[in-house]
Amino acid sequence: MANNDDKFKKVISHAKEYGYVFQSSEVYDGLSAVYDYAQNGVELKKNIRDYWWKAMVQMNDNIVGIDAAIFMHPTTWKASGHVDAFNDPLIDNKDSKKRYRADVLVEDFREKILQKINKDVAKAKKRFGDAFDENEFRSTNGNVLRRQKQIDDITERLTEVQEESDLAAFKQLILDLGIVCPVSGSKNWTDVKQFNLMFGTKLGASAESAMDLYLRPETAQGIFVNFLNVQKTGRMKIPFGIAQTGKAFRNEIVARQFIFRMREFEQMEMQFFIKPGSQGEWFKHWKEARLKWHLSLGLGEDNYRFHDHEKLAHYADAATDIEFRFPFGFKELEGIHSRTDFDLKQHEAYSGKKLQYFDHEDNANYTPYVLETSIGLDRMFLAVFSNALQEEELENNTTRTVLKLPAVLAPTKAAILPLVRKDEALVKLSKQIIEDLKWDFSVTYDEKDAVGRRYRRQDANGTPFCITVDGESLEDNTVTIRHRDTMEQQRVKIDDLKAIIKKEVDVKEWLMRM
RNA sequence: GCGAAAGUAGCUCAGGGGUAGAGCAUCACCUUGCCAAGGUGGAGGUCGUGGGUUCAAAUCCCAUCUUUCGCUCCA
């Protein structure tokens with residue numbers, strides 16, 4: 001455990017030290033759970049996104065991409081269920097430290113009174129036998145009437161505070177009813193707080209005409225509302241998919257663990273539209289396909305596992321997570337959800353527009369079912385980065401810090417190093433090599449310090465190749481190429497460099513492992 | 001949000017009432033022909049922020065912000 005904490009700390013500080021991830025607004029002491037991608041981080045992130053995009057869109061002729069706006073019509077979020085499902089008022093008991101939904105506390109309390117009434121009724125029934133008139137008893141018995149009035153009062157007040165969103169009155173209601181915490185038994189409550197999942201904002205320059213908007217909490221809805229547009233203009237036939245990458249925003253109650261859970265994050269989602277009834281086989285298909293994509297990067301098969309959901313969200317009929325072994329344990333990296341026709345049906349209901357597909361084979365209209373794959377780009381970044389960071393003990397009793405990023409994802413593919421800086425001919429040839437390679441790969445140049453130290457610097461930065469230009473290079477046009485992971489060197493022709501590097505960093509070479 | 005710990009140079013940290021230190025990194029020059037830490041010199045910090053106590057606060061007290069860990073929540 002201590003080891004893992006240690007490891008995680010090293011990941012965070014290495015990410016900063018080598019220009020991968022900075023805390024947002026650091027000069028102002030940072031902004032909680034918001035991070036910036038730095039000069040190397042932005043490259044790694046882009047490479048991961050490209051790797052996903054190529055695997056999903058380019059390699060599947062029935063999947064296309066879109067880039068829907070972050071702002072969406074506010075009704076979108078009513079239809080999707082985000083407005084209602086995440087508006088719960090919460091209250092904490094200060095003694096037990098337990099958190100409850102304030103409305104549930106009141107409802108439970110009301111339920112208890114109702115049960116008392118039922119108990120009284122049952123008792124009376126037993127006592128009076130066949131002569132018992134339940135309706136009469138309920139409308140005349142003093143205890144029952146008193147309790148019923150209590151229930152009605154509670155219902156009235158609860159409705160009122162909920163409609164008015166009056167949090168102070170909500171707390172007062174709980175205090176007035178004398179509700180105690182089931183765990184601590186105390187009435188020591190905090191104020192009622194509203195946790196909104198979505199960030200609100202305003203559209204419109206002047207305050208009067210402004211319209212309330214939300215920043216999207218998931219990219220999926222942009223795909224659903226565009227479903228028919230894409231289907232028609234792209235002449236797509238079911239089954240087909242729409243992919244999208246982009247920022248999403250969630251006001252997490254607890255947002256922590258570096259870039260694992262952020263308030264602003266990036267998703268890579270694909271919604272696959274299918275015939276109702278076929279969701280079982282497509283769920284299986286995408287489960288396997290997505291795992292293969294992960295395994296192609298070679299982060300180690302043991303580091304992945306599926307976690308099937310037993311408790312399902314309101315829209316799903318099956319769900320699984322692909323979990324990855326992060327430094328702080330197995331955590332969700334990607335979700336695969338069978339979303340049924342929930343979303344399209346909802347948007348159909350709220351918009352009044354028909355969002356259906358005409359199947360020419362069946363000669364019938366239907367609302368397609370949806371199979372979703374949704375991966376967090378930032379989480380994937382963290383998975384790749386934390387897995388790559390290693391400290392090796394070498395034979396000469398030194399340790400080597402090396403970032404073993406999959407070469408296809410590495411921000412810089414090769415560093416060109418003149419063996420000695422003072423030799424102008426070496427410098428000149430090095431720069432010529434860079435001029436040639438930079439059309440195909442992102443490359444860098446380093447002439448500072450002894451070459452051994454330069455190797456180590458590139459190791460720590462994750463650069464898969466170092467190309468060293470020496471005196472011999474001037475005579476026979478060969479250089480040494482050093483491999484990051486093995487530290488082995490080969491003597492190769494300068495003309496062959498491009499092909500050698502390409503073989504190791506080309507997306508094709510990696511995706512073919514799927 | 002609650003509890004605990006922490007915040008001093010880019011990184012890792014020492015110091016602990018009298019106005020700042022180390023190692024590494026960085027920059028310049030020298031040295032260096034293949035796996036980090038050889039030389040010389042330089043730059044870099046009002047010790048997270050704000051207030052209080054004191055003749056004097058990085059050091060003590062309070063508040064606040066941020067981070068980490070644990071709870072809690074999670075589409």
Side-chain angles (χ1 to χ4, degrees), chain A residues 1-2 4-6 8-10 12-19 22-35 80-82 85-86 88 90-101 190-193 195 197-198 217-218 220-221 248 250-258 261 267 269 309 311-316 319 321 328 331-332 335 337 339 342-343 372 374 376 392 394-402 417-423 426 448-460 466 468-473 479-482 484 486-489 491:
Chain A
M1 217 32 166
N4 284 342
D5 284 359
D6 237 39
F8 190 37
K9 277 183 185 161
K10 275 182 184 157
I12 295 168
S13 64
H14 196 88
K16 180 179 181 188
E17 193 167 357
Y18 287 88
F22 300 148
Q23 166 109 53
S24 161
S25 320
E26 205 187 58
V27 292
Y28 293 111
D29 290 326
L31 185 60
S32 182
V34 185
Y35 291 88
S80 70
H82 287 83
F86 298 97
D88 305 331
L90 300 174
I91 190 165
D92 293 348
N93 183 271
K94 290 178 187 170
D95 299 310
S96 65
K97 315 285 183 212
K98 291 289 172 196
R99 169 167 293 160
Y100 302 93
R101 273 178 54 179
T190 62
D191 290 343
V192 176
K193 294 190 180 74
F195 288 94
L197 170 96
M198 291 190 287
E218 64 175 16
Q221 299 305 327
R250 295 183 191 179
N251 229 333
E252 302 282 352
I253 297 174
V254 175
R256 247 187 256 157
Q257 278 163 321
F258 195 40
R261 182 172 280 119
Q267 295 184 309
E269 291 196 317
H309 289 211
K311 211 180 94 192
L312 296 168
H314 57 274
Y315 54 70
D321 295 336
F328 39 85
K331 295 278 180 182
E332 178 186 356
H337 295 228
R339 291 183 80 131
F342 176 85
D343 299 279
E372 166 189 270
S374 174
E392 290 180 348
L394 300 184
E395 289 167 7
N396 60 1
N397 273 331
T398 61
T399 60
R400 179 173 83 120
T401 301
V402 53
L417 319 170
L419 187 59
V420 195
R421 172 168 51 169
K422 261 172 43 180
D423 190 331
L426 298 188
K448 182 100 199 303
D449 299 314
V451 73
R453 188 198 283 248
R454 282 180 267 166
Y455 288 152
R456 298 298 182 88
R457 202 151 47 212
Q458 295 302 329
D459 287 343
C466 286
T468 305
V469 179
D470 56 23
E472 211 181 316
S473 308
V479 289
T480 60
I481 183 164
R482 171 191 179 271
R484 177 195 65 198
T486 58
M487 303 201 305
E488 276 166 13
Q489 287 177 265
R491 192 90 208 168

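Here is the naming used below: chain letters follow the sequence lines, and residue numbers restart at 1 for every chain.
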Trainee: Among all residues two or more places apart in sequence or in another chain, which pass the salt bridge (charged side-chain N to carboxylate O under 4.0 Å, His left out) test with A:D470?
Mentor: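 Salt bridge (charged side-chain N to carboxylate O under 4.0 Å, His left out) list for A:D470, sorted by chain: A:R491.
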
Trainee: Rounding to an integer number of angstrom, what distance separates B:U66 and B:G48 when you compare their C1' atoms?
Mentor: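 Their C1' atoms lie roughly 8 Å apart.
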
Trainee: Mark yes or no for whether A:R400, through its side chain, and A:A460, through its backbone, hold a donor-acceptor pair below 3.5 Å.
Mentor: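 Here the side-chain-to-backbone pair does not exist.
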
Trainee: Distance check, C1' atoms only: B:G38 and B:G7, in whole angstrom units.
Mentor: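 Result for the C1' pair: 36 Å, nearest Å.
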
Trainee: Could you go through nucleotides 38-48 of chain B and list every protein N or O atom that sits under 3.5 Å from one of its N or O atoms, giving the distance for each pair?
Mentor:
| from | atom 1 | to | atom 2 | distance (Å) |
| --- | --- | --- | --- | --- |
| B:G48 | O2' | A:D29 | OD1 | 3.2 |

Trainee: Rounded off to whole Å, could you give me the NE2-to-C1' distance for the A:H14 and B:C24 pair?
Mentor: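 Taking atom C1' of B:C24 as the reference, NE2 of A:H14 is at 15 Å.
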
Trainee: If you apply the rule side-chain contact (heavy atoms from CB on, under 4.5 Å), what do you find for A:T468 with A:R454, and how did you get there?
Mentor: CA-CA 10 Å; A:T468 305; A:R454 282 180 267 166; over 6 Å; no

Trainee: Compare every heavy atom of A:A220 with every heavy atom of A:R339, then report the nearest pair and how far apart it is.
Mentor: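 That would be NH1-CB, 3.9 Å.
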
Trainee: Respond yes when some side-chain nitrogen or oxygen of A:Q489 is under 4.0 Å from OP1 or OP2 of B:C35, and no when none is.
Mentor: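 Looking at the OP1 and OP2 atoms of B:C35, neither is under 4.0 Å from any side-chain N or O of A:Q489.
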
Trainee: Across the strands shown, which category fits A:S374 at heavy-atom distances under 4.0 angstrom: base, sugar-phosphate, nothing?
Mentor: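 Contact class for A:S374: none.
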
Trainee: Could you tell me how far B:G39 sits from B:C69 if I compare only their C1' atoms? Round to whole Å.
Mentor: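 Going atom to atom, C1' in each nucleotide, I get 45 Å.
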
Trainee: Using a 4.5 Å cut-off on heavy atoms from C-beta on, say whether the side chain of A:Q221 contacts that of A:H82.
Mentor: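 They are in contact (side-chain heavy atoms under 4.5 Å apart), so the answer is yes.
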
Trainee: Tell me if the centroids of the rings in A:F22 and A:Y35 come within less than 6.0 Å of each other.
Mentor: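 No; A:Y35 has its ring centre 6.0 Å or more from that of A:F22.
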
Trainee: Output the rounded distance in Å from CZ (A:F8) to C1' (B:U67).
Mentor: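 A:F8 atom CZ is separated from B:U67 atom C1' by 11 Å.
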
Trainee: B:A20 and B:C24: how far apart are their P atoms, nearest whole angstrom?
Mentor: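 Taking atom P in both B:A20 and B:C24, they lie 23 Å apart.
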
Trainee: Examine distances only and state if a side-chain atom of A:R482 and a backbone atom of A:E488 form a donor-acceptor pair shorter than 3.5 Å.
Mentor: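 No; judged by distance alone, with no hydrogens or angles, the pair does not exist.
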
Trainee: In whole angstroms, how far is the C1' atom of B:C73 from the CZ atom of A:R250?
Mentor: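 It is 13 Å, rounded to the nearest whole Å.
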
Trainee: Please report, rounded to the nearest Å, how far the P atom of B:A25 is from the CZ atom of A:R456.
Mentor: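 Whole-Å distance recorded here is 13 Å.
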
Trainee: Partners of A:D449 by salt bridge (charged side-chain N to carboxylate O under 4.0 Å, His left out), sequence neighbours excluded?
Mentor: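 Salt bridge (charged side-chain N to carboxylate O under 4.0 Å, His left out) list for A:D449, sorted by chain: A:R457.
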
Trainee: Using a heavy-atom cut-off of under 4.0 Å over every strand shown, decide if A:T401 touches base, sugar-phosphate, or nothing.
Mentor: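 The answer is nothing, as A:T401 stays clear of every strand by at least 4.0 Å.
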
Trainee: Can you give me the N/O atom pairs linking the protein to nucleotides 28-33 of chain B at distances under 3.5 Å, or say none if there are none?
Mentor:
| from | atom 1 | to | atom 2 | distance (Å) |
| --- | --- | --- | --- | --- |
| B:U31 | OP2 | A:K422 | NZ | 3.4 |
| B:G33 | N2 | A:G471 | N | 3.4 |

Trainee: Taking the side chain of A:Y455 as its heavy atoms from C-beta onward, which of B:C69, B:A75, B:C34 lies nearest to it?
Mentor: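 Shortest atom-to-atom distance from the side chain points to B:C34.
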
Trainee: Within the 4.5 Å heavy-atom criterion, are A:Q267 and A:E218 side-chain neighbours or not?
Mentor: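 SC-SC contact between A:Q267 and A:E218 confirmed.
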
Trainee: Please classify the nucleic acid contact of A:Y35 as base, sugar-phosphate, or nothing, using heavy-atom distances under 4.0 Å.
Mentor: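 Sugar-phosphate contact only - A:Y35 comes under 4.0 Å of backbone atoms but never of a base.
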
Trainee: Taking atom types as they are modelled, would you say the side chain of A:R261 forms a donor-acceptor pair with the base of B:C74 within the 3.5 Å cutoff?
Mentor: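 Answer is yes: a donor-acceptor pair is held.
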
Trainee: Is there side-chain contact between A:I481 and A:Q489, with heavy atoms separated by less than 4.5 Å?
Mentor: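 Side chain of A:I481 against side chain of A:Q489, heavy atoms only: no contact under 4.5 Å found.
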
Trainee: Give me the atom names and distance for the closest heavy-atom approach of A:A15 to A:F258.
Mentor: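 Answer, listing the atom of A:A15 first, then A:F258: CB-CZ, 4.0 Å.
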
Trainee: For nucleotides B:A75 and B:G70, find the distance between their C1' atoms and express it as a whole number of Å.
Mentor: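 Roughly 25 Å separates the two C1' atoms.
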
Trainee: Could you work out the separation of B:U59 and B:C74 based on their C1' atoms and round it to a whole Å?
Mentor: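 My reading of the C1' atoms in B:U59 and B:C74 gives 42 Å.
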
Trainee: Is any side-chain heavy atom of A:V402 less than 4.5 Å from a side-chain heavy atom of A:M487?
Mentor: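 With C-beta onward as the side chain, the pair stays apart.
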
Trainee: Treating a pair as Watson-Crick (purine N1 to pyrimidine N3 plus N6-O4 or O6-N4) or G-U wobble (N1-O2 and O6-N3) with both distances under 3.5 Å, list the stems of 3 or more consecutive pairs that involve RNA chain B.
Mentor: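 Stems (3+ consecutive pairs) listed as B:1-7 with B:65-71, B:10-13 with B:21-24, B:26-30 with B:38-42, B:48-52 with B:60-64.
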
Trainee: Check for a donor-acceptor pair, side chain of A:R250 on one end and backbone N or O of A:M198 on the other, with a separation under 3.5 Å.
Mentor: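 Not confirmed, A:R250 side chain does not pair with A:M198 backbone.
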
Trainee: Check A:D321 against A:H337 and note the closest heavy-atom contact, atom names and distance.
Mentor: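 Of all heavy-atom pairs spanning A:D321 and A:H337, the closest is OD1-NE2, 4.4 Å.
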
Trainee: Tabulate protein N/O versus nucleotide N/O from nucleotides 9-13 of chain B, keeping only pairs under 3.5 Å, one per line.
Mentor:
| from | atom 1 | to | atom 2 | distance (Å) |
| --- | --- | --- | --- | --- |
| B:G10 | O3' | A:K16 | NZ | 3.3 |
| B:C11 | OP1 | A:K16 | NZ | 2.4 |

Trainee: B:U68 P sits how many Å from A:K10 NZ, rounded?
Mentor: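 It works out to 18 Å between those atoms.
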
Trainee: Distance between the P atoms of B:C2 and B:A63, in whole angstroms?
Mentor: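 Pairwise P distance, B:C2 against B:A63, rounds to 13 Å.
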
Trainee: Whole-Å distance between B:C74 P and A:E218 CD?
Mentor: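 Atom CD in A:E218 sits about 16 Å away from atom P in B:C74.
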
Trainee: To the nearest Å, how far apart are A:M198 CE and B:A75 C1'?
Mentor: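 Rounded to whole Å, this separation is 12 Å.
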
Trainee: Mind calculating the distance between CD (A:E332) and P (B:C74) to the nearest angstrom?
Mentor: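 The answer, rounded to whole Å, is 13 Å.
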
Trainee: Give a yes/no on whether any side-chain N or O of A:R491 is located under 4.0 angstrom from OP1 or OP2 of B:C34.
Mentor: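 For B:C34, OP1/OP2 do not have a side-chain N/O of A:R491 under 4.0 Å.
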
Trainee: On the side chain of A:H82, is there an atom forming a donor-acceptor pair with the base of B:A75 - under 3.5 Å, no angle test?
Mentor: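 A donor-acceptor contact between them is present.
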
Trainee: Please work out if A:F22 contacts a base, only the sugar-phosphate, or nothing of the nucleic acid, heavy-atom cut-off 4.0 Å.
Mentor: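 It contacts nothing in the nucleic acid.
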
Trainee: Using a cut-off of 4.0 Å on non-hydrogen atoms, how would the nucleic acid contact of A:R400 be classed: base, sugar-phosphate, or nothing?
Mentor: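 Touches nothing.
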
Trainee: To check you understand the geometry: which heavy-atom pair defines the closest contact between A:V479 and A:V469, and what is its length?
Mentor: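 Nearest pair, atom of A:V479 first, then A:V469: CG1-CG2, 4.0 Å.
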
Trainee: Please determine whether a side-chain nitrogen of the Lys or Arg among A:E392 and A:R456 lies less than 4.0 Å from a carboxylate oxygen of the Asp or Glu.
Mentor: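 No.
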
Trainee: Distance between the C1' atoms of B:U12 and B:C71, in whole angstroms?
Mentor: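 To the nearest whole Å, 30 Å.
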
Trainee: So A:H337, base contact, sugar-phosphate only, or nothing? Heavy-atom distance under 4.0 Å.
Mentor: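 If one applies the 4.0 Å heavy-atom cut-off, A:H337 turns out to touch the sugar-phosphate alone, with no base involved.
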
